[in-house]
Amino acid sequence: MKTLKLGLIGFGRIGKIHFYNIQQRIREAEILMVSDPAADLSETGVATGTPDDILEHPEIEAVIVCSPTDTHADFVEKCAAKGKHIFCEKPLDLSLERISRTLKLVGQSGVKLMLGFNRRFDANFLKIKNLVTSGSVGNPHLIKITSRDPGPPPLSYLKESGGMFLDMTIHDFDMARYIMGKEVKQVYASAAVFWGEDIRAAGDIDTAVITLKFEDGSMAVIDNSRKAVYGYDQRLEVFGSKGMVNVDNNKPDNHFFYNENGVHSALPLHFFLERYTESYLYEMREFIKALATGHDISVGGSDALQATLIALAAKKSVLENRPVDIDEVRP
């Protein structure tokens with residue numbers, strides 16, 4: 001297998017993860033150039049330049065887009081126009097109309113597009129997916145997802161993120177569709193602000209419960225918080241006609257200490273960089289393999305569109321305090 005030549009746009013937290021995974025753990029690919037005007041790129045040891053330098057580079061076959069959200073669709077369209085395959089972090093955009101336009105251009109170009117819904121590649125969630133797909137839990141009736149961050153992001157980030165549903169919960173919307181293997185028909189969401197007026201001032205929320213109804217009547221219940229004082233809370237359960245399967249939080253160790261004050265154990269891993277370390281590697285390996293072999297990519301543009309539809313329906317549900325059918329927000 002030849003070595004795939006890549007470019008990387010964006011060298012923040014996620015960009016760095018992808019960079020070092022590729023350079024150190026994926027032998028079939030290498031990054032030739034990195035672009036990020038806001039980052040110190042001296043540690044990369046590779047060529048640096050502008051996004052246009054990457055797009056015009058004759059050897060670069062694919063581009064990894066880890067730039068701010070409001071630049072994703074632009075870079076995806078520019079990469080497609082240059083015939084370069086794309087791995088893009090979520091969300092593709094905050095506008096359904098723009099997502100649809102971008103996906104049309106990508107489809108016309110013939111390049112491959114993969115979206116960074118990394119949780120699909122987590123070993124725990126893959127096990128649940130396999131048990132559901134194999135029929136071990138029977139007909140799945142209910143999926144419950146708990147996703148709580150250890151603390152809210154900076155106010156500057158909140159103002160640009162599109163809100164909690166499009167920034168944070170979008171992962172859970174994607175997981176609900178992915179695990180259940182069904183499309184969402186209706187959304188009802190209730191939300192509040194408990195952790196600071198700056199969040200409210202940014203027009204955002206920090207706590208929510210969302211109920212999804214799938215096309216066959218089965219359901220999902222998702223609860224979110226921007227701040228769990230005990231760490232990054234990531235749990236998932238599927239209940240079906242033949243049984244139930246769930247996964248608990250990952251911890252740095254599995255000890256239990258018993259004394260006169262009670263039973264004590266380690267807190268969950270602190271945040272997504274620690275909790276989902278391997279999932280970032282596995283999703284990138286799939287992207288590289290799909291480009292090398294011509295195989296289909298398991299999470300693409302249509303998944304980005306569906307997750308965004310659910311997120312916008314959830315926002316509408318909160319604003320109007322009622323269940324919202326997906327068709328109401330569909331372009």
* Using modelled atom types only, decide if a donor and an acceptor are shared between the side chain of Asp206 and the backbone of Trp195 within a distance under 3.5 Å. => yes
* **Check: Ala29 main-chain N/O paired with Thr3 side-chain donor or acceptor under 3.5 Å** => no
* Asked: If you look only at pairs with a residue in residues 136-152, which of them pass as a salt bridge (Lys or Arg N to Asp or Glu O under 4.0 Å), with sequence neighbours excluded?
  -> Arg148-Asp223, Arg148-Asp233
* Test item: Arg285 and Ile26 side chains (from C-beta on) under 4.5 Å apart, heavy atoms -> yes
* Structure fact -> Taken to the nearest 0.5 Å, the spacing of Ser95 OG from Asp70 CG works out to 12.5 Å
* Mind running salt bridge (Lys or Arg N to Asp or Glu O under 4.0 Å) on Asp204 and Lys315 for me, showing each step along the way? => CA-CA 10 Å; Asp204 204 359; Lys315 292 183 73 171; over 6 Å; no
* Residue that, paired with Ser218, satisfies side chain to side chain donor-acceptor pair (under 3.5 Å) out of Lys213, Lys182, His141 -> Lys182
* Go through Ile22 and Met284 one step at a time and tell me if the side-chain contact (heavy atoms from CB on, under 4.5 Å) criterion holds. => CA-CA 8 Å; Ile22 292 166; Met284 191 54 64; 3.8 Å; yes
* Structure fact -> Tightest non-hydrogen contact, residues Gly12 and Asp36, listed as N-OD2, 3.9 Å
* Take Glu328 and Arg322, measure what salt bridge (Lys or Arg N to Asp or Glu O under 4.0 Å) needs, and give me the verdict at the end. => CA-CA 12 Å; Glu328 293 183 51; Arg322 66 176 180 87; 2.7 Å; yes
* Asked: Can you check whether Tyr178's main-chain N or O pairs, donor with acceptor, with Lys129's side chain at less than 3.5 Å?
  -> yes
* same_hphob_cluster(Tyr20, Ile288) at 4.5 Å side-chain heavy-atom cutoff -> yes
* Does the side chain of Glu286 come under 3.5 Å of the side chain of Ser298 through a donor N or O and an acceptor N or O? -> yes
* To do: Please identify each residue that fulfils side-chain hydrogen bond (donor to acceptor under 3.5 Å, both in side chains) with Arg330, with sequence neighbours left out.
  => Asp327
* To do: Identify, with sequence neighbours excluded, every residue that meets ring pair (Phe, Tyr, Trp, His ring centres under 6.0 Å) alongside Phe257.
  => His264
* Take Ser147 and Gln234, measure what side chain to side chain donor-acceptor pair (under 3.5 Å) needs, and give me the verdict at the end. => CA-CA 5 Å; Ser147 181; Gln234 299 287 288; 2.9 Å; yes
* To do: Verify side-chain contact (heavy atoms from CB on, under 4.5 Å) between Met219 and Phe214, making sure each step is shown before the conclusion.
  => CA-CA 6 Å; Met219 292 168 284; Phe214 294 95; 5.5 Å; no
* To do: Could you check whether the rings of Phe125 and Tyr276 sit parallel, tilted or perpendicular, using 30° and 60° as the cut-offs?
  => tilted
* Asked: Which salt bridge (Lys or Arg N to Asp or Glu O under 4.0 Å) pairs, counting each pair once, include a residue from residues 252-275, with sequence neighbours left out?
  -> Asp122-Arg275
* Answer yes or no: is there an ion pair linking Arg119 with Asp172, defined by an N-O contact shorter than 4.0 Å? => yes
* Asked: Salt bridge between Arg25 and Glu278, side-chain N to carboxylate O under 4.0 Å?
  -> yes
* Is any NZ, NE, NH1 or NH2 atom of the basic residue among Asp303 and Arg177 found under 4.0 Å from an Asp or Glu carboxylate oxygen of the other? -> yes
* Asked: Does atom CZ of Phe256 have more than 12 heavy-atom neighbours from other groups under 6.0 Å away?
  -> no
* Same apolar cluster (I L V M F W Y, side chains within < 4.5 Å links), Leu41/Ile14 -> yes
* Structure fact -> Scanning both residues in full, the closest heavy-atom pair of Leu142 with Val221 reads CD1-CG2, 4.1 Å
* Asked: Can you find a heavy atom in the side chain of Phe165 that is under 4.5 Å from one in the side chain of Ile210?
  -> yes
* Minimum side-chain heavy-atom gap Ile86-Val111 below 4.5 Å -> yes
* Asked: Leu305 versus Leu103: any side-chain heavy-atom pair under 4.5 Å?
  -> yes
* Please answer whether the main-chain N or O of Asn130 pairs with a side-chain N or O of Thr133 as donor and acceptor at a distance below 3.5 Å. => no
* Enter the distance from Thr169:OG1 to Asn224:CG here, rounded to the nearest 0.5 Å. => 3.5 Å
* Asked: Any side-chain heavy atom of Ser225 within less than 4.5 Å of one from Phe194?
  -> no
* Could you grab the distance from atom NZ of Lys78 to atom OG1 of Thr102, nearest 0.5 Å is fine? => 12.0 Å
* To do: Find out whether Ile128 and Leu236 are in side-chain contact, i.e. whether some heavy atom of one side chain is under 4.5 Å from a heavy atom of the other.
  => yes
* Any salt bridge (Lys or Arg N to Asp or Glu O under 4.0 Å) involving residues 187-197? Give me the pairs, sequence neighbours left out, ordered by first then second residue. => Glu197-Arg200
* **Full working for salt bridge (Lys or Arg N to Asp or Glu O under 4.0 Å) between Asp174 and Arg120** => CA-CA 9 Å; Asp174 179 68; Arg120 293 186 179 213; 2.7 Å; yes
* Structure fact -> From the list Asn321, Val318, Val324, Leu212, side-chain contact (heavy atoms from CB on, under 4.5 Å) partner of Tyr188 resolves to Asn321
* **Full working for side-chain contact (heavy atoms from CB on, under 4.5 Å) between Ile199 and Leu158** => CA-CA 7 Å; Ile199 295 176; Leu158 289 173; 3.9 Å; yes
* To do: Any ring pair (Phe, Tyr, Trp, His ring centres under 6.0 Å) involving residues 63-114? Give me the pairs, sequence neighbours left out, ordered by first then second residue.
  => His18-Phe87, Phe87-Phe287
* Asked: Taking everything shown except Asn254 itself, do over 12 heavy atoms lie less than 6.0 Å from its CG?
  -> no
* Asked: Can Asp167 and Tyr157 be counted as having a side-chain donor-acceptor contact under 3.5 angstrom?
  -> yes
* To do: May I ask you to check whether Glu283 and Asn118 show a side-chain donor-acceptor distance below 3.5 Å?
  => no
* For Lys5, which of Glu59, Glu61, His57, Glu30 qualifies under side chain to side chain donor-acceptor pair (under 3.5 Å)? -> Glu30
* Asked: How long is the span from the CE atom in Met168 to the OG atom in Ser161, to the nearest 0.5 Å?
  -> 11.5 Å
* Non-hydrogen side-chain atoms of Ile54 and Ile9 separated by less than 4.5 Å -> yes
* So, Ser241 versus Asn139: side-chain donor-acceptor pair below 3.5 Å or not? -> no
* To do: For Phe173 and Ala314, work out which heavy atoms get closest and say how close.
  => CZ-CB, 4.1 Å
* Asked: At what distance, to the nearest 0.5 angstrom, does CG of Leu267 lie from NZ of Lys251?
  -> 8.0 Å
* To do: Measure the NZ-OG1 distance between Lys16 and Thr44 for me, rounded to the nearest 0.5 Å.
  => 10.5 Å
* Asked: Under a 4.5 Å cut-off applied to non-hydrogen side-chain atoms, are Thr308 and Leu92 in contact?
  -> no
* Residue pair Leu309 / Pro331: nearest heavy atoms and the distance that separates them -> CD2-CD, 4.3 Å
* Asked: When you check the side-chain N and O atoms of Asp52 and Thr50, is any donor under 3.5 Å from an acceptor?
  -> no
* With a 4.0 Å cut-off, would you call Glu28 and Lys2 a salt bridge? -> no
